[in-house]
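Letters A, B, ... mirror the listed sequences (proteins, then strands); counts begin at 1. If you're wondering where the values come from, they're calculated on a predicted model, not measured in any experiment.
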Amino acid sequence: MNFTKPFIMTAIALTVTASLSTVSARELVKVDGSSTVFPITEAMAEEFQKAERGKTMVVVGISGTGGGFKKFCRGETHISDASRPIKESEAKLCRENRIDYIELPVALDALTVVVHPKNDWVDHLTVEELKKAWEPAAQGKVTNWNQIRSSFPDRPLKLFGPGTDSGTYDYFVEAVIKGKSSRGDFTASEDDNVLVQGVANDINAMGFFGLAYYEENKGKLKAVPISWKGGTPVGPSVENAKNATYQPLSRPIFVYVNKGAADKKPHVQRFMEFYLNNEHAQTLVREVGYVPLPAKAYDMALDKFTKRLTGTVFHGAEVGVGIEDLLARAPR
Amino acid sequence: MKADVSQAALPDLARIVDANRRTDLIMAGIGISVLIVAMSLLAAVVIDLIVGGWPRLINPDFYLNFPSRHPLQAGILTAWVGTILVMFVTACIAIPLGVGAGVYLEEYAARNWITDFIEINVSNLAGVPSIIYGLLALGLFIHGFGLGETILTAGLVLALLILPVIIVATREAIRGIPLDLREAAYGLGADKWQTVRLYVLPAARPGILTGTIVGLARAIGEAAPVITIGALTFIAFLPPSPLQAHPPFINFEWLESPFTIMPIQMFNWVSRPQAEFHINAAAAGVILMLMTLAMNGVAIWLRYRLRRQVR
């Protein structure tokens, strides 16, 4: 092999790259962030590119909600996908870099508690019972179904849940335990399909993940209706999430838009108008397995975007808030 | 008397030989069963992927389509083009640097504590988790040098990742060259650089090549460091072509293009809820393995040709 050839080629490549100006003729919308929100943004990007006839290109990454905000608050992306509201530390980074953001809910996810289909003893669970099973104090102690409710049979309890750095986990813990963490002795996986397999193969299992994973595996799993604050138990479904009866496990998922980019780049503005269009949202969000917001909520979100209302409406963690209430709030 | 001794010793000898034969047989048996277990695991994975991904593998659209939310329309065009371009950049950077460093350490470096220190660190680097390289690249190449989230950055980070492998392989290969060869070259009046360039390196090429391929095969499957430096998951356009119709006929704009690669596309499809996406993931896995296999094939062919040349 002639070793000098690659040497020269590399040298040329580096020189040429260094001397090239980085201006690209293509109009680019840059999105990064949560892999939970990714399918929705992907669907929107695909259809938007078709509508624009190749004039504008949208690129979407999956660095995770936290990784996405790091880039977003440095001004490296125009839009950030987020499966939870922005944290105070992230908001601070944005402020330091003078990035103003518009917070827009784009869909709902109904966290679904599932058990094995042959499990005939669970007809519903209360939030308090979920707490009993998942709270940190339960670690090593609550290991049997009859410790959750005395009428449950004497069977070992096997727990399955998403990894502790996922937005799904954060929200569940917040909603059920009202703390920052759960017990540590459960089977965790970043891949929800692994959780599906885990629960589907163990009659003593209980697990939770997003509604889409339950809907695709209905034959292998049984969803548990949840009772909140002594109310009647409500099962997870698109309808129940949309009309806000499936609480507190319905959570909104978001995109954050860089206000400067929306002001200066017409293609970013056009993309967001496409995204929040009620007709597009109702069909596309449903198609990829999430729950669309009520029609009115998309109009409110679009209005918020048009008025460029910046900041977050979340003051620390909150659960069980109706989506229209959220949108009606004045952001900080 | 003498005959007695040999007669007495003979059965012992036969027993020892028999025992040794048995040990040989047992060891061979263990070896073969270990091999069978390893190979059947590999075969099971490959067959599972091929069977799972078959409907997509035989569909030409799969290779020519951009990603999509419809599993049946989703393709790997951007992913395989991205992977090939990134691997090309990686090879162009890692091979000259790695071989150069290996030659220096083996041939020129003075034997002192600094060299020892470098050697220990190179070996350690080979065991550093790949995500660490991703974080390093994020800080250095993207935020430090401002190279952006481009094919060039991805090539650089993967090159860093496999440098230790190539350096170690180069050194091993050079160490394996018989001393006679050098002495013959020196005897003919060659100086050090001439000896290394004309005799040592050509003789070491097969070993270097093997090490390089092992490194590149590791790099082609990496997702974590490339996601860290901002590789995309949905991208529906190709980098600009490296060839153009007008002078100077080649351009390097593609180095600055955003991109995605096969492992990321696969990772995304595997984690989707819809079973149809899992078919795509299996098919992408088969293609990724074929790409690795093709790279290995080229290396074996090159090595075979080079061996004949050396003789």
I need the residue from [options] with the largest number of non-hydrogen atom pairs under 4.5 Å to chain B.
| options | value |
| --- | --- |
| A:Ile62, A:Leu284, A:Asp191, A:Asp192 | A:Ile62 |
| A:Gly210, A:Gly67, A:Pro39 | A:Pro39 |
| A:Val59, A:Thr77, A:Val288, A:Val194 | A:Val59 |

Just wondering, more than 12 heavy atoms not from [X] lying within 6.0 Å of its [atom1]?
| X | atom1 | value |
| --- | --- | --- |
| A:Phe274 | CZ | yes |
| A:Lys70 | NZ | no |
| A:Glu96 | CD | yes |
| A:Lys92 | NZ | no |

Nearest 0.5 Å, what's the [atom1]-[atom2] distance between [X] and [Y]?
| X | Y | atom1 | atom2 | answer |
| --- | --- | --- | --- | --- |
| A:Glu190 | B:Ser271 | CD | OG | 10.5 Å |
| B:Ile142 | A:Arg74 | CD1 | CZ | 9.5 Å |
| A:Asp32 | B:Ile227 | CG | CD1 | 9.5 Å |
| A:Glu42 | B:Ile235 | CD | CD1 | 12.5 Å |
| B:Glu149 | A:Glu76 | CD | CD | 5.5 Å |
| A:Ser35 | B:Asn268 | OG | CG | 8.0 Å |

(request) Using modelled atom types only, decide if a donor and an acceptor are shared between the side chain of A:Asn193 and the backbone of B:Val270 within a distance under 3.5 Å. (result) yes

(request) Answer yes or no: is there a donor N or O on one side and an acceptor on the other, between the side chain of A:Glu46 and the main chain of B:Arg69, under 3.5 Å? (result) yes

(request) Can you tell which part of A:Gln49 gets under 4.5 Å to a heavy atom of chain B, answering side chain, backbone, both or neither? (result) side chain

(request) Name the region of A:Phe209, side chain, backbone, both or neither, that has any atom closer than 4.5 Å to a heavy atom of chain B. (result) neither

(request) Grab the two heavy atoms, one from B:Pro258 and one from A:Leu28, that are nearest each other, plus how far apart they are. (result) CG-CD2, 4.4 Å

(message) Could you tell me if the side chain of A:Thr41 sits less than 4.5 Å from the side chain of B:Phe234, heavy atoms only?
(response) no

(message) Between B:Phe66 and chain A, with a heavy-atom cut-off of 4.5 Å, which part of the residue counts as in contact: side chain, backbone, both or neither?
(response) neither

(request) Against chain A, label B:Ala275 side chain, backbone, both or neither, depending on which of its atoms sit under 4.5 Å from a heavy atom there. (result) backbone

(message) Using a strict threshold of under 4.0 Å (side-chain N to carboxylate O), is an ion pair present between A:Glu216 and B:Arg272?
(response) no

